[in-house]
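Here's the structure, in structure tokens; my notes come after.
We count ligands from 1, going down the list as the structure has it; atoms in each ligand are counted the same way.
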Amino acid sequence: MSNHYSKITGWGMYVPERVLTNHELATMVDTSDEWIVTRTGIRERRIAADDQTTADMSVIAAQRALERAGITGADLDLILLATSTPDHLCPPTSSLLQDRLDAHKAGAMTLVAGCSGFAYGLITAAQFVNTGMCQHVLVVGAEKLSYAVDWTDRNTNILFGDGAGAVIVSQSDQPGGLQSMVLGSDGSQADALIVPGIGSASTLTPEALERKDHKLRMDGQRVFKFATRVMTDSVLKVVGDAGLTIHDIDLIIPHQANERIIDLAMRRLGVDRDKMMINLDRYGNTSAASIPLALCEALDTGRVQPGDRLVMVAFGAGLTNAACVWELQTEEAQGEPILVTDWPVSDTFQQRLQEMRVAAWRAQAQARVRVSDATMAVMIPFYTFRKGVKKRLSGK
Ligand code: COA
């Protein structure tokens, strides 16, 4: 068994100054603040300056994380930059970041896993640290989605924003860090969220440019369906695999895509709202930057403390999904062990009780998911039918 553990020793975030509100969007396309807030929970998002790139935003977030960790770029062994909006197709943006941080001994990789990219990166960083191969790994999630969005398409332009978040994952001898993980991919749904015209599968002809093939296209309802399923399934899996129930988790940091997706997952998991970190109202969906931005705000505001157990859960283009339970170590010792009872009973008995508690919680949550699925299977066709009838009657 390894004596190395992963510890988040630094974190930092950056969002551009320019705020784009729903009201402003309503002057650009046929939408309204009310529609966007009701359907997504988003009120505003940040937009990078024209000459500001993903690497530029990553550098600021990374420098803040390094400073907090009390190290410099020269101490880094590895840089993992998750983004779907790199500065260039080639070279990797992670190398631009490595150069600007003077991280001369660090390897650098750009990780493309859609909005799940940061969670993929964090889990990957823990593997390098826990095996003892790396002392300090920088994980960044950064996006300039305003570049990829078609500003005439109200289906996507209401959702996305720009920003960057970073953490330093360092080696520690105190137990904690990554407790369990899920990494998933369903490439059969690749076309649900796609930029069709950039890459070796396409040629950017004038016709393709005219069709806006270089911009993001999304089948919102398919992504919504995938998201609600994987959010619940992967939280159930990582929490159970860590030998915990949802009641042992201090904060869930979900990918900030849509408040309705988060609400549905919350109801299915039987979780109170105060256990959910939500900041999408201010930043929208910043893809790979979404979880680190929420994590940084949770740490900065004291919403999570050393010793707390977090769940991070993401989904995105691919379609991909990723989740983990992460324990934030204190300076001195690990978080409090889970005590099932205060009675003076043996560790084996405690462990058995905890296993039963986990099994009972999982069964309850799975039953709630089955009821929710059955209700949706009846209600969605009913609402679609009712909408069709209303449209026919109104002659629209
Ligand atoms: N403003 C106003 N009306 C809009 C609109 C907008 N921005 N976008 C769509 N509409 C209209 C539609 O035309 C439709 O009108 P109709 O009833 O007359 O046909 C109606 O609103 C409902 O559209 P629908 O697409 O069914 O809305 P929805 O409830 O599914 O919400 C999304 C759309 C995109 C917000 C939602 O599907 C979603 O969030 N999906 C997940 C997307 C996601 O998370 N992507 C990122 C993954 S990392």
Side-chain angles (χ1 to χ4, degrees), residues 20-43 45 82-85 112-120 141 143 145 148-161 163 184-186 189-195 215-231 234 254-265 278 280-281 283-291 293-294 312-323 376 379-381 383-396:
L20 177 65
T21 64
N22 291 347
H23 295 287
E24 224 177 319
L25 265 173
T27 65
M28 296 156 60
V29 286
D30 181 15
T31 190
S32 65
D33 175 56
E34 201 240 328
W35 194 96
I36 303 171
V37 172
T38 320
R39 300 285 178 132
T40 70
I42 300 166
R43 292 179 187 276
R45 67 286 294 142
T83 185
S84 295
T85 47
V112 188
C115 305
S116 312
F118 178 83
Y120 262 77
E143 302 283 3
L145 283 157
V149 161
D150 172 2
W151 287 103
T152 64
D153 175 17
R154 71 176 183 174
N155 186 36
T156 50
N157 69 9
I158 57 159
L159 297 175
F160 297 104
S185 170
D186 177 6
Q189 301 207 59
D191 60 336
L193 195 51
I194 186 168
V195 178
K215 297 292 179 187
L216 193 66
R217 285 197 201 140
M218 183 182 73
D219 178 342
Q221 284 178 4
R222 250 165 83 200
V223 177
F224 195 98
K225 222 166 140 186
F226 174 82
T228 48
R229 181 173 59 77
V230 295
M231 284 268 284
S234 40
H255 171 44
Q256 308 287 308
N258 184 323
E259 203 167 354
R260 279 160 59 215
I261 296 175
I262 298 175
D263 281 345
L264 190 57
I278 301 176
L280 57 75
D281 52 327
Y283 303 127
N285 178 349
T286 54
S287 190
S290 135
I291 287 189
L293 285 180
M312 292 176 244
V313 54
F315 57 87
L319 296 176
T320 56
N321 63 291
M376 275 169 35
M379 295 315 281
I380 290 174
Y383 282 129
T384 313
F385 172 74
R386 201 175 66 170
K387 204 165 114 182
V389 171
K390 269 188 180 165
K391 266 192 175 168
R392 269 200 299 279
L393 289 177
S394 67
K396 279 192 197 162

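- Residue Asn258 touches ligand 1 through its side chain alone, judged by heavy-atom distances below 4.0 Å.
- A search for side-chain hydrogen bond (donor to acceptor under 3.5 Å, both in side chains) contacts involving Ser84 returns nothing, not counting sequence neighbours.
- The protein non-hydrogen atom at the shortest distance from atom 16 (P) of ligand 1 is Lys391 NZ, 3.6 Å.
- The closest protein non-hydrogen atom to atom 11 (C) of ligand 1 is Arg154 NH2, 3.6 Å.
- Within the set Cys115, Ala257, Ala26, the minimum heavy-atom distance to atom 44 (O) of ligand 1 is found for Ala257.
- Residue nearest to atom 4 (C) of ligand 1, selected from Phe224, Phe226, Trp35: Trp35 (by heavy-atom distance).
- The protein atom (non-hydrogen) at minimum distance from atom 42 (C) of ligand 1 is Met218 SD, 3.6 Å.
- The part of Asp30 lying near ligand 1 is the backbone, judged by heavy-atom distances below 4.0 Å.
- Counting only residues at least two apart or in different chains, salt bridge (charged side-chain N to carboxylate O under 4.0 Å, His left out) contacts with residues 20-40 comprise Arg18-Glu24, Asp30-Arg154.
- Ion pairing between a basic and an acidic side chain is recognised when a charged N comes within 4.0 Å of a carboxylate O; Asp191 and Arg222 show such pairing.
- Using 4.0 Å as the threshold, Asn157 has no heavy atom nearer than that to any atom of ligand 1.
- Counting only distance, with no hydrogens or angles, the side chain of Asp219 and the backbone of Ala192 share no donor-acceptor pair below 3.5 Å.
- Taking atom 1 (N) of ligand 1 as the reference point, the nearest protein heavy-atom neighbour is Thr31 OG1, 2.6 Å.
- Nearest to atom 46 (C) of ligand 1 among the protein's heavy atoms is Asn285 ND2, 3.4 Å.
- No side-chain N or O of Thr286 forms a donor-acceptor pair with one of Glu143 less than 3.5 Å apart.
- Nearest to atom 24 (P) of ligand 1 among the protein's heavy atoms is Gln221 NE2, 3.6 Å.
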